[in-house]
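Worksheet: one structure, shown below.
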Amino acid sequence: MITYDFKTYHTRSINAATPAERAAINQELKDLYAALPPDEQASFNQQLQTFLAQTVGRIKSDFESVRGKS
């Protein structure tokens, strides 16, 4: 099983200078996924879902802590 570094893609996307650059980064991920065999696509999806859940949870926590201080 390969471990995917979604944080790098996420950081690059956040720092993209243009919507076109962000779209190109998203396309890289789509191309990577399309090139994987089906069993590895399942692992990719699982790792991506885990990353997204953790990231959204962290953002929500940060937002709530900032909002609570206002």
Side-chain angles (χ1 to χ4, degrees):
M1 176 176 78
I2 300 170
T3 301
Y4 301 96
D5 184 9
F6 294 112
K7 184 175 182 179
T8 298
Y9 288 100
H10 179 66
T11 302
R12 287 176 52 214
S13 182
I14 289 171
N15 294 316
T18 65
E21 184 180 351
R22 182 170 292 115
I25 294 165
N26 288 338
Q27 189 61 50
E28 283 180 48
L29 273 173
K30 290 177 183 180
D31 293 345
L32 172 61
Y33 178 82
L36 296 173
D39 61 325
E40 195 57 39
Q41 286 180 348
S43 175
F44 180 98
N45 285 335
Q46 181 63 39
Q47 290 180 51
L48 179 57
Q49 290 300 317
T50 299
F51 173 78
L52 291 173
Q54 290 170 343
T55 302
V56 169
R58 188 171 28 257
I59 291 169
K60 182 178 183 237
S61 175
D62 291 349
F63 175 76
E64 288 174 349
S65 70
V66 169
R67 187 179 65 178
K69 292 180 180 182
S70 297

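Predicted model, so just to flag it, every value in this text is computed and none were measured.
- Checked by atom type, the side-chain pair Q49/N45 shows no donor-acceptor distance below 3.5 Å.
- Atom CG in N15 sits 9.5 Å away from atom NE2 in H10 (nearest 0.5 Å).
- Summarising the geometry of R22 relative to A16, their closest heavy-atom pair is N-CB, 3.8 Å, with the distance given to 0.1 Å.
- Partners of T18 by side-chain contact (heavy atoms from CB on, under 4.5 Å), not counting sequence neighbours, listed by chain and number: A20, E21.
- Residue pairs meeting the salt bridge (Lys or Arg N to Asp or Glu O under 4.0 Å) criterion with at least one partner in residues 10-20, sequence neighbours excluded, are R12-E28.
- Applying the 4.5 Å side-chain rule to ILVMFWY residues, one finds I2, Y4, F6, Y9, I25, L29, L32, Y33, L36, L48, F51, L52 in the same cluster as F44.
- Under the rule for a salt bridge (Lys or Arg N to Asp or Glu O under 4.0 Å), K30 has no partner lying at least two apart in sequence or in another chain.
- Between the side chain of S61 and the main chain of G57, no donor-acceptor pair closer than 3.5 Å is present.
- Applying the salt bridge (Lys or Arg N to Asp or Glu O under 4.0 Å) definition to pairs two or more places apart or across chains, those involving residues 43-61 are K60-E64.
- Residue pairs meeting the salt bridge (Lys or Arg N to Asp or Glu O under 4.0 Å) criterion with at least one partner in residues 34-52, sequence neighbours excluded, do not occur; the list is empty.
- T50 and Q54 form no side-chain donor-acceptor contact under 3.5 Å, judged by distance and modelled atom types alone.
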